[in-house]
Every structure is written in structure tokens, then in C-alpha cells.
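What you see below is based on every heavy atom in this structure, not just the backbone, and it leaves out hydrogens, waters and symmetry mates. To find a chain, count down the sequence lines: A is the first, B the second, and so on, and within it residues start at 1. This one's a predicted model, so the numbers in the text were calculated from it and none came from an experiment.
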Amino acid sequence: MSNLPVTERDLFVVGTGIAGMSAAVYAANRGLSVSQAGSTGEIVFSSGLFDVMAVHPVEEKKLWDNPWEAMAAVSADMPNHPYARVTRDDVEKAYGELFDFLSKFGLHYRMEKEANCKVLTPIGTEKTTWAVPATMWAGVEAFKKNAPALLIDFKGLREFSAKQVATTIGDKWSNLKTMRLDFPDSASMKPILTGIMAQAMELKETREKLYALIKPHLDGVEAVGVPAILGIYTADEILEEMEKELGVKVFELPTLPASVPGMRLKSLFEGRISTLGVDLKLQHKVFSITPLDDGRYEVTFGVQAPTEKVVAKGVVLATGRFLGGGLFADRHHIVETVMGLPVSQPADREEWHRTDLLDPRGHKVSSAGVEVDSSFQPVDENGNVVHERVYTVGSLLAHQDWMRMKCGTGIAVASSLRAVEAFVAQQ
Amino acid sequence: MQTQVLIIGAGATGTGIFRDLALRGVECMLIEQRDVNAGASGGNHGLLHSGARYVSTDPHSANECKVEGDIIKEFAPHCIENTGGLFVAVKGDDDEYIKQFPINCEKAGVPCREVSPEEALELEPNLNPDVIAAYEVEDASIDPFKLSLENVADAEAHGGVYKRYMKLLGFNKEGGKITGARVVNTRTGEESVIEAEQVVNATGAWAANVAEMAGAKIGMTYAKGSLLVTLSRLNHRVINRLRPPGDGDILVPGGTVSVLGTTSVRVHDLDNVAPSIDEINRNIDQGAQMVPALDTCRYVRAYAGVRPLVQLGEASSDRAASRGYALIGHEEENLENFITITGGKLTTYRLMAERCADLVCNRLKVDAPCLTRGTVLPDYVQTEWAEPSILTKREWMRRHNSEDYLLCECEIVPKSAVDTILDSFGEGEKPGIQAVGLRSRVGKGSCQGAFCGARIAAHMYDRGLFDGNEGVESMRDFLSKRWKGQRPILWDAQFNQAELKEALYFGLLNLEMD
Ligand SMILES: Cc1cc2nc3c(=O)[nH]c(=O)nc-3n(C[C@H](O)[C@H](O)[C@H](O)COP(=O)(O)OP(=O)(O)OC[C@H]3O[C@@H](n4cnc5c(N)ncnc54)[C@H](O)[C@@H]3O)c2cc1C
Ligand SMILES: Cc1cc2nc3c(=O)[nH]c(=O)nc-3n(C[C@H](O)[C@H](O)[C@H](O)COP(=O)(O)OP(=O)(O)OC[C@H]3O[C@@H](n4cnc5c(N)ncnc54)[C@H](O)[C@@H]3O)c2cc1C
């Protein structure tokens, strides 16, 4: 182990989810040298929707139209919630830097600054979120106005039924019609998946065939919706072309994982983060992080076993929760997997999950995680900082239930920004 | 509605009686408040007992199991995996019990063969190397869902009428005679009355409640048992612990999985049984003494069932067969056309059905002998997909027609199979996703229903089976029911899977919001 090649860096970012990727962007933007490692990006599981905050208190299912007011209420009511450690400015600045990075490479997001918006989900429910990919925006607006629209699905695409969406949302979007098409050249696709369709949409030939199939059905239609399949690398351009060709607004709806909007984020991050000088080691796992006598950290990583070593002045731990790999549950306890940090958790397994899946209070274990101070440095049960230059960010943080509060990405970016800024200030 | 015999409760017993009477040519109707095997028959171990488990405590029951087990293996081989079984003792187990075991088997007429610890380990490599004694017995594994569904299908083929989602609310009586059963369709809320010459109460643990509606009293207590299903199969044969019955001492293999159980906990509320985390821990801790891999293996779900314990005494008539099951004619309560049959075992369901049908026929003055002993139970296609992972993915790729595709990828359930299931529902029966889950492996694989649930909802909307937000309600119902079996086993990979499911259904799909 001692004869592994060693590289020196300012910051090491562990994790390639939204929290890790945005931390890398913020650090690079501030002139830090950055190494980053992460396994298969769980980012592909994400819907591509960027929440700030929508539901609080969870047990009352109270839905907020204004994400900033919701955030302020949470900060006041829940002093341990990650949002209680950041300001609205932090969230806006964090999203701002992220959008700059994404739009530089052609991926745009749209939102109303002061309000949440509603996106239809693939099961016809309404998801309240803040920023959505530009390819989804026309759907948000058409839904709001009950505009005459046509939602298209494709034969053989199993988890997207236009009829399901339209039937379920029927009362609120009575002017939504549906139609089923054979996706061009789909006979050879088995199974038919949105990712494969999106790859095909990158070809002009496929797109033209699709436009021709849609065109005869546009009488009285103001907007056309499809599941998210409008390409992986050039979605915004494809949207523009399609709107021009069809002469109506076009929008995508989110789909179940692995979703194309998630793939877009993943491929953009992975392909372009190096332009900021970040040294990204994809499919690499961090095996150990050891504090050195000089205050720095020795990080070992590799694909199956540690094959490389970085000595960094600081570490950002953005390893996610159970799905991401940052937390692990055995039959009795929950542990943090990389550094063995203290994890705030219910006393035993009996208390982890409620007996009713839909218990309005949510499950206690959803709030388990790493406790931090205002610089997002992990602390023990007495509130003492555990490591001088280690920061934990994203869904690994305790005292949040992002799934029910609808604040996943917002916490991820804001905590990452604050962690990076704290590290810079402490240097 | 009118019928000659009304049977209440579609568990193993009720469906067994249904087929028995139908084969005898008696006009009968079976009603069930939920769906086939909603009670103990859907929450048991699936062990076709050789009888060896009972030789020390109840030799009569033991022999009954031996005889009935042999009969079932003859007429319903497609519902059975004839695995054979082992009884094993490990270091520390009671020597006296071990010594008495073969003697008791002999007395009860239950065959057993001693095998050396070395041979036992060769037969079952996952056994604890500290095995000190082992016996081979004639246990087998039985699929209770398939059995009950086949019994219903065969009864229907012989003129029987089955009504699911039909709950008994009470009886109309004139003197000692039940003149009508008041029922409600739980899907539509529609109430009606069924008139019958004889009424059979085959409601298992609910038997006392139903008897009370008729004005009869049965003393009953309830014992809940919890079990766990492993992700992959750990044993070839049924493995029993060679000691007095306790937690986690039977491991029953079936298809691609093994099932570990069972605990025994007194309960009072019959409609809210779920395995508790404490019971699951006890099963694993005890089971791992027999098969150490149980401590580290992955589990896909847990479930629980309730055993009714009938206190036979003054309240029951002398017709009540002792030991195991209770057949009550209610003559002493001056009821002339009401019969209760409860308790017993899955293994003895046929015998219970025969005895009950004999009494019914006796009262109806119908002279028709029981035919279930020799008549082969046909293999109806509609239950094919309930079997564990009946197809491998590769086999599926080879066999399927090009228009078909998989709705469940973990357990390889194609659209065509789901359609067959949906087609088996009549007009107005309104199946939900849960009804598909009951008749197939849908929701039972490692995704815990996360993906297949959504796909089946989409498919059912496409077929026009859901209106408005009925599909959303159905998804909530399906996921909530699955949850009961998942909550107790959420650690390691299953925990992560549960988190994905929550991220998807709550984080993205807002299913928890009204
Ligand atoms: C199905 C689904 C739907 C979602 N929908 C929304 C939505 O609508 N709106 C919203 O705002 N958010 C949504 N999210 C949440 C969002 O995508 C992120 O999960 C959240 O922002 C937190 O991300 P994270 O970066 O903290 O963790 P994760 O995304 O879990 O990333 C953790 C990363 O750490 C890596 N890692 C773990 N251990 C190691 C190690 N030892 N070495 C190296 N790397 C390691 C993993 O490989 C991974 O790259 C959704 C998530 C899911 C799963
Ligand atoms: C944990 C456990 C493990 C077991 N393991 C085994 C084993 O391995 N081998 C074995 O041989 N036996 C085993 N048994 C025993 C076996 O499961 C039962 O003996 C058998 O299933 C009982 O069937 P039943 O039809 O009498 O009752 P149930 O299956 O409980 O059926 C009663 C039915 O009546 C319905 N009902 C109730 N009230 C009403 C109403 N008002 N209107 C309409 N319908 C109503 C219920 O919904 C239910 O479906 C086990 C039992 C338990 C609890």
C-alpha cells in the first residue's frame, strides 16, 4: 500500500451524485485542485427535477407554493435540518453556479424564481418541484392553463401509459388527449427503453419519421407531450427543432428510473467536469481516508482494491444514503461506510420503519444520518467536530426526509456550496 | 341469490369443501370476504407434514398427517415438491428427546430412517457441522396458493359458484333455522341476501365471529406465527430441528427459495397481523443454529398467519373431532342448518373437507360418496404463474412471442400471463394490482414491487380497468400490503431496495400526498 503512486490535491470529493458533482464544480470554480471518485452514478436514478422545498410539516402534508417561504418555515421549526444551516442566498447561489455549468454545455433548466411548479409524473400524479429541464417547461405551462394538448406514448414502452396519465389527472387537465404510436424502427428494440429511444432520437432520420407520425394529429392541439426521450446529448436542440417542425409547443414528462433526464446529467457531468480541471476517477471506490500528522488526509481508492493514493488538504464526503452507499444497515445498526463517522439513528430496528408504509409522519430512519455543524463538518453526540477538514454533504446528512419534504437536490447543492466555502475560508 | 350449500371462507378448508361437494354433485356457493387464501392458508409454512413433527406430542395427528400426506401426493402432484425431510439435532439439544424420536415415530406409524451426521451433511451441505443426530422423514413442500386456486377451479368446472370480495355480515334466522346470509360486496358496497339449505362456516380464525352471528359460541384463542423467505434456496429437503417445537426450527424449501419459521405469539386482533421485528430476529437466531447461512443470507420478505386454537369443551358437540380440527354441528345450540369447521392443518384439509361434506350430505339426505381421495386434481393454466420463478430469463427469451414483454423482470412475469389473470375476473369484479400479485410472482422479487407495480398499473389503465385515480389507490394498496412483509427484513441490500422504492414513489411520484 505504501508504494502506491501519490498525488497531492487541495480537495478530495467522494461521490459522484448531485452533491459530489456540484461540490466539484464549486471547488474548481474557486481555483482548488480537485480529485473525485465515485462508483456508478446513482444520478441516473434521479428524475432530473431540481427541488428546493415543498412539503412541511410532513405529517400535515402541507404543500407550499413558495419554496423560500417553505424553507424559512423548516429552518425555524427544525433547528437540526440541513436547511437551518444555510440561507436562501446559499441555495440560489449554489443552483446558479450549477445552472451556469450545465447551460455552458447545452443543458438548460427553467423555473419561476419565486414559486414552485407542478410537473405531471408518469403515473399521472402531480409532483411539486422548483426547477425543471427546459424540455419539460411547456408541459408545466400547458397543465396550468388546461391547454388543449396531446400526450403520446409508444407501443411496448412498459412504464409509460399516456392513457394512465390523462385518466388520473382527468379532472385537472380535461383538455389532454392521448395517442399511441409505434416508435420509428422499434421492432428491433427489445425491451423498448427510454434510454434506447433517446439514443435513436439523436439521429435526424428517426426524428423525421417521428414528426411525420405526429403531424396528422395536431388539429386543435397547442402542445404535444412525450415521455422523456428527446435525445441524451442535444435535448434542447431537438426540442427546438421539434417545435419548429410541428408548429406547436413540445414537452417531455419525467419517467421512471433509469430516466433520460438523469442520463443527460450524468453524461454531461462525467464528460465535462474535466474542463474545470477536476480529476474524476469514475467507477472508483474510496477504500480508506486516514488523517495524517500534518493535518492532511490520505485517500486510497481503486476499482476493486486500492490502487491509487491522493493526499488532500480536505475531504468532501458526498456518498449518499443507503442506495448511494454512504450508509449501511446491518440487522442491528446503521454505519457510515467510508470513515466510520457517528450516525444519528433510532435506538433499534423496531423503530426504523413504521408499520404502515404510508404513515403520514414518514419513517424515523429517513432522518438518520451524519450530524454536522454550520460548516457541514461532522460532529459527535456532544457536538464536537470529529475531523478538522472533513465535510459531509447531500443526502448523507441527518434530520431531513428529502423524499417527503421534496428537498433532495436543494440540500445537495446548498450543503456542497457551504462546505466548499467553509474549506476555502479555513485554508 | 340461492344455493343448496353456502360455504363461507376461501382458505384451504373452504375451497376443499367446495370441491368435495361439487364433485359429489351438490349445488354449492363459496364466498370470501377478500380473495382466495387471504387467511392462514396464505400465511403458512407450506409444509406437507410427514407427521414426524407431532409424534411426541400428538401421535393421532401425526398419523393423520402421514395418511393424508400420502393421499395428497397422489391426487395433486403438481401442487407439491416431494423433497423429503430431515430432523436434525445440534450440540446442546436434548438427548432424551432425540432418543425417544424414532420410538415415537414407530408408535405413530410415521416412517423415519436414521442417518449419520456425515451423511446428513452430505445431503444438506448448509447444515451446521455440529449436527449430532439426524433422521430422514417423508416431508414435502406444498404450494398452498396453487392448491386452493386449483380446488376452486375444479369446483367451478363442476358447477360450483365462487364469489370473491363477498363478506358475510350476519344471518337472518327463523327459530333454529338460518333463512338467509346477509352479505356485502366489499368492492361495490352492494348488499344482498343468500338463501341456502345448509351453511358451512369455514372461516378459520374468524370462525368464532361467524358462529356468533348465528347465535353460537365457540371458545377460541389465536396464535400468530411469522415466517421469512430467503432470496435463494438453501436446502434440498425440509429441515426440522429435532427438539420440542419452538421458534425458527423448520426450513421449508420450495422452487427457488426457502422459508424459515415459525414463531407463536398470542394475538387478539385478527385483521392486523404482521410479522414483528422481534419475531424475525428470533427465527433467524434460532434457525441459524441449524443452518448457519440463515444468519447472513438475504431475505426477500416476511409474512404471518394466525392459527385458531379451539377450546373444545362444553360449547362443542360430541361431533367435534378431537385433536387438531373441530367439526361442530351446533345441534346443541338448536341450529339445524349451520356447521363450523376450523383448526387443523393444511396437510389435513382434505380430510376435514370430507368429514364436513359428509355431515352436510347427511343433513341434505344426499347419498353421494366422497370422491376427493382418488380423483386427480386437474392442472388449470390460470394458476401457472403463481409458482416461484417458473421461467428463467433465458428460457423466456427463447419461448416468448414477439408481441409479448415482461411486466415483472425480477420474477419473469410476462404481459400475457398478467392478461390471463386479468381475464379470469368477471364483469364488475374490479381486480386491483394486489389481485395480480396474489396469482403471480409479481411483487415478490427483489425490487419489492417498485417497478412491476407501476408497470401493471400502466397496463391496467391501458386495458381500461382503472378509472380516475383508481390506479393510484391500487398502487398504494399493493405497496402497503407488500410493506408488511418487507418492514421486518429491512437491512443490507433489502434496505437499499426499500430506499429506492421510497425515493421513487414518494420522492418523485408523490404517492404519499393526497
Ligand atoms: C428515484 C429517485 C428520484 C429522485 N427524484 C428527485 C426529484 O424529483 N427531485 C430532487 O430534487 N431530487 C430527487 N432525487 C434525489 C437526488 O437525485 C439525489 O439523490 C439527492 O440529491 C442526493 O444526492 P447525493 O449526491 O447526496 O447522493 P447520491 O446520489 O446517493 O450519490 C452518492 C454517490 O456516492 C458514491 N459513493 C458511495 N460510497 C462511495 C465510496 N466508498 N467511494 C466512492 N464513491 C462512493 C456513489 O457511487 C454515488 O456516486 C431522486 C432520487 C432518486 C433515487
Ligand atoms: C404460521 C402458520 C404456519 C402454518 N404452517 C403449516 C404447515 O406448514 N403445514 C400445514 O399443514 N399447516 C400449517 N398451518 C396451518 C394451516 O395454515 C391452516 O390450518 C389452514 O390454512 C387453515 O385453513 P382455513 O381455510 O381453515 O382457514 P383460513 O385460511 O384462515 O381461511 C378462512 C377464510 O375465511 C375468510 N373469512 C373470514 N371471515 C369472513 C366473513 N365474515 N365473510 C367472508 N369470508 C370470511 C377469511 O378471509 C379467510 O380467507 C400453519 C398455520 C400458521 C398460522
Select one option (side chain, backbone, both, neither) describing which atoms of [X] are under 4.5 Å from chain B's heavy atoms.
X	answer
A:I123	both
A:K127	both
A:T409	neither
A:V165	neither
A:V119	neither

Charged N-O contact under 4.0 Å between [X] and [Y]:
X	Y	answer
B:D514	A:K61	yes
A:D359	A:R404	no
A:E126	A:K406	no
B:R463	B:D423	yes
A:D356	A:R354	no

For this session: Could I get the full list of ring-ring contact (aromatic ring centres under 6.0 Å, His included) partners for A:Y83, not counting sequence neighbours?
Result: A:H81

Problem set entry | ring-ring contact (aromatic ring centres under 6.0 Å, His included) involving A:H363 - partner list, sequence neighbours excluded | A:H353, B:W483

Exercise. Is there side-chain contact between B:D249 and B:Q289, with at least one heavy-atom pair below 4.5 Å?
Worked result: no

For this session: Give, for atom CZ of A:F160 and atom CG of A:L151, the distance between the pair rounded to the nearest 0.5 Å.
Result: 4.5 Å

Seminar exercise, completed: Separation between CG (B:L479) and CD (B:Q486), nearest 0.5 Å, reads 8.0 Å

Which one, [options], leads in non-hydrogen pairs under 4.5 Å with chain B?
options	result
A:D51, A:T121, A:T168, A:D330	A:T168
A:K163, A:R158, A:K155, A:H332	A:R158
A:R180, A:M405, A:E350, A:E159	A:E350
A:P254, A:P122, A:S161	A:S161
A:D171, A:T178, A:T355	A:T355

Exercise. Considering all heavy atoms of both residues, which atom of A:D401 and which atom of A:G362 are nearest to each other, and what is their separation?
Worked result: OD2-CA, 4.3 Å

Problem set entry | Distance-minimising heavy-atom pair for A:G325 and A:T337 | O-OG1, 2.7 Å

Of the backbone (N, CA, C, O) and the side chain (C-beta and beyond), which part of [X] lies under 4.5 Å from a heavy atom of chain A, both, or neither?
X	result
B:R482	neither
B:M460	neither
B:L490	both

Exercise. Got a sec, which residues hit side-chain hydrogen bond (donor to acceptor under 3.5 Å, both in side chains) with A:T167, two or more places apart in sequence or on another chain?
Worked result: none

For this session: For chain A, find which of B:D462, B:N469, B:I284 contributes the most heavy-atom pairs closer than 4.5 angstrom.
Result: B:D462

For this session: Could you tell me which residues in residues 258-275 of chain B have at least one non-hydrogen atom under 4.5 Å from a non-hydrogen atom of chain A, sorted by residue number?
Result: none

